[in-house]
Asks: 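The structure is given below, and queries will be raised subsequently.
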Amino acid sequence: VQLQASGGGLVQTGGSLRLVCEASGSVFRINAMGWYRQAPGKLRELVALSTSGGIINYSDSVKGRFTLSRDNAKNTVYLQMNSLKPEDTAVYYCRADTPRSSWGQGTLVTVSS
């Protein structure tokens, strides 16, 4: 599975961005799909992940602000990020499990204070 992520950028505190990740290749094998992030000097962490059963798990730090949606017909997941904070600044990575994990190239989100 190959993943193409887009939508990052620079935004002010309180602003919004939408990330998009499109999968190609053996997409019929994908079960879970979602987003992780890695801030400078920190480990990569879960942001939101959608399972094949339709359950979406969110990090406590983004609950109520971020929304993950998945379009299986387009093999695409979206991450709508609202009320962004400086601590959301990170490289965001798309991930798809087949169940082997595949990662996208990362897209930088910078939130200025």
Side-chain angles (χ1 to χ4, degrees):
V1 172
Q2 293 77 47
L3 301 173
Q4 182 66 44
S6 61
L10 173 64
V11 65
Q12 292 185 334
T13 297
S16 298
L17 284 173
R18 189 178 80 151
L19 305 184
V20 181
C21 177
E22 182 175 4
S24 60
S26 301
V27 295
F28 60 93
R29 296 180 178 180
I30 294 175
N31 40 62
M33 195 168 177
W35 294 91
Y36 283 66
R37 68 186 181 187
Q38 188 166 15
K42 296 188 176 181
L43 297 175
R44 192 171 297 187
E45 63 176 4
L46 169 72
V47 176
L49 191 68
S50 170
T51 69
S52 58
I55 296 172
I56 301 177
N57 297 309
Y58 291 98
S59 164
D60 287 344
S61 63
V62 307
K63 282 181 181 177
R65 301 187 297 121
F66 291 10
T67 302
L68 179 73
S69 58
R70 184 171 173 177
D71 186 335
N72 290 326
K74 296 182 178 180
N75 304 310
T76 300
V77 290
Y78 307 90
L79 185 69
Q80 179 64 43
M81 305 186 294
N82 298 329
S83 302
L84 282 160
K85 305 175 181 180
E87 50 264 45
D88 294 318
T89 294
V91 177
Y92 284 68
Y93 295 92
C94 179
R95 168 177 148 178
D97 293 344
T98 60
R100 172 184 174 273
S101 293
S102 297
W103 295 90
Q105 81 280 15
T107 185
L108 177 63
V109 172
T110 303
V111 185
S112 63
S113 57

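Computed from a prediction, not measured in an experiment: that's the story for all the values here.
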Asks: Which atoms form the tightest heavy-atom contact between T13 and S113, and what is the distance?
Replies: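 So the two residues come closest at OG1-CA, 3.4 Å.
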Asks: Apply salt bridge (charged side-chain N to carboxylate O under 4.0 Å, His left out) to E87 and list each qualifying residue two or more places apart in sequence or on a separate chain.
Replies: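 Scan of E87 (salt bridge (charged side-chain N to carboxylate O under 4.0 Å, His left out), adjacent residues dropped) gives none.
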Asks: Between D71 and K74, is there a donor-acceptor pair closer than 3.5 Å when you use the side chain of the first and the backbone of the second?
Replies: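 Looks like yes, one N/O pair under 3.5 Å.
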Asks: Evaluate the side chain to side chain contact (heavy atoms under 4.5 Å, CB included) criterion for residues W103 and R44: first the C-alpha distance (whole Å), next the side-chain angles of each, then the deciding distance (0.1 Å), finally the verdict.
Replies: CA-CA 12 Å; W103 295 90; R44 192 171 297 187; 3.3 Å; yes
Asks: Please identify each residue that fulfils salt bridge (charged side-chain N to carboxylate O under 4.0 Å, His left out) with K63, with sequence neighbours left out.
Replies: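 For K63, the residues satisfying salt bridge (charged side-chain N to carboxylate O under 4.0 Å, His left out) (neighbours in sequence not counted) are D60.
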Asks: What pair of heavy atoms forms the shortest contact from R95 to S101, and how long is it?
Replies: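 For R95 versus S101, the nearest heavy atoms are NE-OG, 3.4 Å.
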Asks: Would you say the side-chain atoms of R70 pair up with the backbone N or O of T76, donor to acceptor, closer than 3.5 Å?
Replies: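 Judged by distance alone, no pair lies under 3.5 Å.
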Asks: Any idea which heavy atoms bring G25 and Q2 closest together, and the distance?
Replies: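 Looking at all heavy atoms of both residues, the shortest contact is CA-OE1, 3.7 Å.
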Asks: With rounding to the nearest 0.5 angstrom, report the OG to CG distance, S61 to L46.
Replies: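 Taking OG in S61 and CG in L46, the distance rounds to 8.5 Å.
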Asks: Is Y78 close to R18 at the side-chain level, that is, under 4.5 Å between some pair of heavy atoms?
Replies: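 Side chain of R18 against side chain of Y78, heavy atoms only: contact under 4.5 Å found.
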Asks: So, taking the atom named CG in L108 and the one named CG in L10, what distance separates them when rounded to the nearest 0.5 Å?
Replies: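 Result: 9.0 Å between the selected atoms.
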Asks: Looking at C21, is its backbone amide N or carbonyl O close enough to the side chain of Q4 to form a donor-acceptor pair, meaning the two atoms are under 3.5 Å apart?
Replies: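 Not a single qualifying donor-acceptor pair exists.
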Asks: Please step through side chain to side chain contact (heavy atoms under 4.5 Å, CB included) for the pair R100 and R29, ending with a clear verdict.
Replies: CA-CA 10 Å; R100 172 184 174 273; R29 296 180 178 180; over 6 Å; no
Asks: How close do Q80 and S16 get, heavy atom to heavy atom, and via which atoms?
Replies: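 The answer is NE2-CB, 3.9 Å.
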Asks: Using a 4.5 Å cut-off between side-chain heavy atoms of Ile, Leu, Val, Met, Phe, Trp and Tyr, which other residues end up in the same hydrophobic cluster as L3?
Replies: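 Grouped by the 4.5 Å side-chain rule, V1, V11, L17, L19, V27, I30, M33, W35, V47, I56, Y58, V62, F66, L68, V77, L79, M81, L84, Y92, V109, V111 form the rest of the cluster around L3.
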Asks: Measure the shortest side-chain to side-chain distance between N31 and P99 over non-hydrogen atoms and say whether it is less than 4.5 angstrom.
Replies: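 In short, these two side chains touch, coming nearer than 4.5 Å.
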Asks: Do R37 and Y93 meet the cation-pi criteria used here (NZ or CZ under 6.0 Å from the six-membered ring centre, within 45° of the axis)?
Replies: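 So R37 doesn't make the cation-pi contact.
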